[in-house]
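No hydrogens, no waters, no symmetry mates; every other heavy atom, side chains included, goes into these values.
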Amino acid sequence: MGKYNFDAIVERRNTDSIKWDFGMKRMGRDDLLPMWVADMDFRLPDEILSDLRKRVDHGVFGYTDPGETYYGTVKYWYKKRHGFDINSKWIVVTPGVVYAIACAIRALTEPGDAVLIQQPVYYPFEGTIIANGRKAVNSQLVYRYGRYEIDFADFEKKIIDNNVKLFLLCSPHNPVGRVWTKQELLKIADICAAHDVYVFADEIHSDFVYKGYKHTPYITLGETYNQKLIVGTSASKTFNLAGLQVANIIIPNAKVNSIFRRENAANGYSQPNILGMTATGSVYMRGEKWLDELLVYLEGNLAYVRNFLREKLPQVKLVEPEGTYLIWLDFSGVTKDPKELEKIIVDKAKLWLDSGDIFGRKTALFERMNIACPRKILEQAMEQLYDALK
Ligand SMILES: Cc1ncc(COP(=O)(O)O)c(C=O)c1O
């Protein structure tokens, strides 16, 4: 029995939660069980909340910059959990990882330049490239025997053919749940280095890795690969702090670091959110036990879904995740019509999932489901799906 109770249901309605309060605005109805956005339904433990309360009770919230104490918490976490050392000078605090991707695109490429992605992938990658007037080039991940892999020949060809300047890597990969192996990452790194391509490694999901897998931080692949590297990290997924708006962007190369900082300043951004900094520092120093228990709970949620599908809905295939709390479900055994699938999920099952077509053009028969919720909510979601399909 753990110290923390992940079964507790926290009422999130009427808190301006985009997951729970915006069904009418975003979906035109408010009767759907929300299992979409990557946002967890768990309450943080008291030891973290008391650090936040202490800061709130101080009562003064003026401009605040990260100093060595703050950087120390980030360095402590990445050394302890991921085994690498960070120099404080490498860290740039931004209001988010997607914000940092947008900065990197503007700082490191010119309008019209090609930026590479691997679909199906977290949809703001493509959206941010296009919104900044760059060309999104896709090297499709290959779905083979229920697993996604990289087609390295295609990856390199796309770089050469389009004169790609920047690659947006998702590691671990949302939504397909791959935790890229060191060998895979080294192949990517070699290709990008050979063609002088900048890499933005979005490692926001790196703390969520299931038993038997290991996240390899891009920064550990070798000095030479760090020359054109930006790593996006944040406690916002790991500890569900997205509403507090703090990300730590790690840029080891001094020149790239200064180009990025210039773009960040050009956006008018300087001091981070004080409560976001307080929360990040607190979870990195005091949140480890909570996370370890959470990972066990998520393994349980995953096992529940795996068994449920096997026993009651074998026509829905789980793409076995190696990491992340987002599962990728293949509905091609249910219907070949994306519109019908949408009707089944929304009208019949009354579920709010992320439909596969937003992650890329070839995955309209997939759905992404967030399993970072109390087991009861997950059970309810699976029963609703069962009722819709039986
Ligand atoms: C791969 C990936 N990157 C970035 C984000 C969002 O990060 P932020 O809220 O810091 O912009 C998410 C959120 O789901 C994500 O899955």
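- Between the side chains of Gln245 and Asn273, no donor-acceptor pair of N or O atoms lies under 3.5 Å.
- Lys157 and Asp161 are joined by a salt bridge, as a carboxylate oxygen and a charged side-chain nitrogen come within less than 4.0 angstrom of each other.
- One finds a salt bridge joining Asp85 and Lys79 here, because a Lys/Arg side-chain nitrogen approaches an Asp/Glu carboxylate oxygen to under 4.0 Å.
- Between Trp77 and Phe239, the distance from one ring center to the other falls under 6.0 angstrom.
- Looking at heavy atoms from C-beta onward, Arg81 lies in side-chain contact with Leu291 at the 4.5 angstrom threshold.
- Val296 belongs to no hydrophobic cluster with other residues, because no ILVMFWY side-chain heavy atom falls under 4.5 Å from its own, directly or through intermediates.
- Connectivity analysis of hydrophobic side chains (ILVMFWY, heavy atoms under 4.5 Å, direct or indirect) links Val142 to nothing; its cluster partners are none.
- A donor and an acceptor atom, one from each side chain of Arg368 and Asn174, are located under 3.5 Å apart.
- For the residue pair Asn370 / Asp39, no side-chain donor-acceptor distance below 3.5 Å is found, with atom types taken as modelled.
- Under the 3.5 Å distance criterion, with hydrogens and angles disregarded, no donor-acceptor pair is assigned to the side chains of Thr233 and Asn248.
- Within a 6.0 Å radius of CD in Glu110, no more than 12 heavy atoms belonging to other residues, nucleotides or ligands are found.
- A salt bridge links Lys80 to Glu288: one of the charged nitrogens lies within less than 4.0 Å of a carboxylate oxygen.
- A cation-pi arrangement is present between Arg375 and Tyr297 under the rule of less than 6.0 angstrom and at most 45 degrees off the ring axis.
- The minimum heavy-atom distance between Leu33 and Ile377, with the atom names listed, is CD2-O, 3.8 Å.
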Q | Stepwise side chain to side chain donor-acceptor pair (under 3.5 Å) test for Lys135 and Asn162 | A | CA-CA 9 Å; Lys135 184 172 124 190; Asn162 296 281; 3.0 Å; yes
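- Considering only heavy atoms from C-beta on, Phe200 stays 4.5 Å or farther from Leu229 through its side chain.
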Listed pairs under 3.5 Å, donor-acceptor, residues 92-107 side chains, sequence neighbours left out:
| residue | atom | partner | partner atom | Å |
| --- | --- | --- | --- | --- |
| Thr94 | OG1 | Gly96 | N | 3.3 |
| Thr94 | OG1 | Gly96 | O | 2.7 |
| Tyr99 | OH | Asn264 | OD1 | 2.6 |
| Tyr99 | OH | Asn267 | ND2 | 3.4 |
| Arg106 | NE | Glu263 | OE2 | 2.9 |
| Arg106 | NH1 | Asn132 | OD1 | 2.8 |
| Arg106 | NH2 | Asn267 | OD1 | 3.2 |

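- When only modelled atom types and interatomic distance are considered, Trp20 and Asp41 share a side-chain donor-acceptor pair under 3.5 Å.
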Q. So Tyr325 and Leu294, side chain to side chain contact (heavy atoms under 4.5 Å, CB included) or not? Walk me through it.
A. CA-CA 11 Å; Tyr325 57 72; Leu294 169 65; over 6 Å; no
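- Taking Asp190 as the reference, Tyr225 meet the side-chain contact (heavy atoms from CB on, under 4.5 Å) condition, with sequence neighbours excluded.
- Between Phe152 and Phe155, the ring planes are perpendicular. Angles over 60° get that label, and only those under 30° would be called parallel.
- A side chain to side chain contact (heavy atoms under 4.5 Å, CB included) with Glu322 holds for exactly one of Arg147, His173, Lys211; it is Arg147.
- Ion pair Glu156/Lys187 not flagged as a salt bridge, since none of the NZ, NE, NH1 or NH2 atoms sits closer than 4.0 Å to an Asp/Glu carboxylate oxygen.
- Residue pairs satisfying the side-chain hydrogen bond (donor to acceptor under 3.5 Å, both in side chains) criterion with at least one member in residues 381-390, sequence neighbours excluded, are listed as follows: Gln380-Gln384, Asp387-Lys390.
- For an aromatic pair to be called close, the ring centres must be under 6.0 Å apart, and Trp352 with Phe22 fails this.
- Note on Lys339 versus Asp337: no salt bridge recorded, every NZ/NE/NH1/NH2 to OD/OE distance being 4.0 Å or above.
- The aromatic rings of Trp290 and Phe6 are tilted relative to each other, their planes meeting at an angle between 30° and 60°.
- Ring geometry for Phe84 versus His82: interplanar angle of 30 to 60°, hence tilted.
- Hydrophobic cluster of Tyr76: the remaining members, joined at side-chain heavy-atom separations below 4.5 Å, are Met285, listed by chain and number.
- For CD of Glu223, the number of neighbouring non-hydrogen atoms (other residues, nucleotides, ligands) closer than 6.0 Å is 12 at most.
- Using a 3.5 Å distance cut-off with no hydrogens or angles, the side chains of Lys228 and Asn253 do not pair a donor with an acceptor.
- Paired with Phe359 under the rule ring pair (Phe, Tyr, Trp, His ring centres under 6.0 Å), one option of Trp328, Tyr122, Phe125, Tyr148 passes, and it is Trp328.
- Using a 4.0 Å cut-off between a side-chain N of Lys or Arg and a carboxylate O of Asp or Glu, Asp21 and Arg13 do not qualify as a salt bridge.
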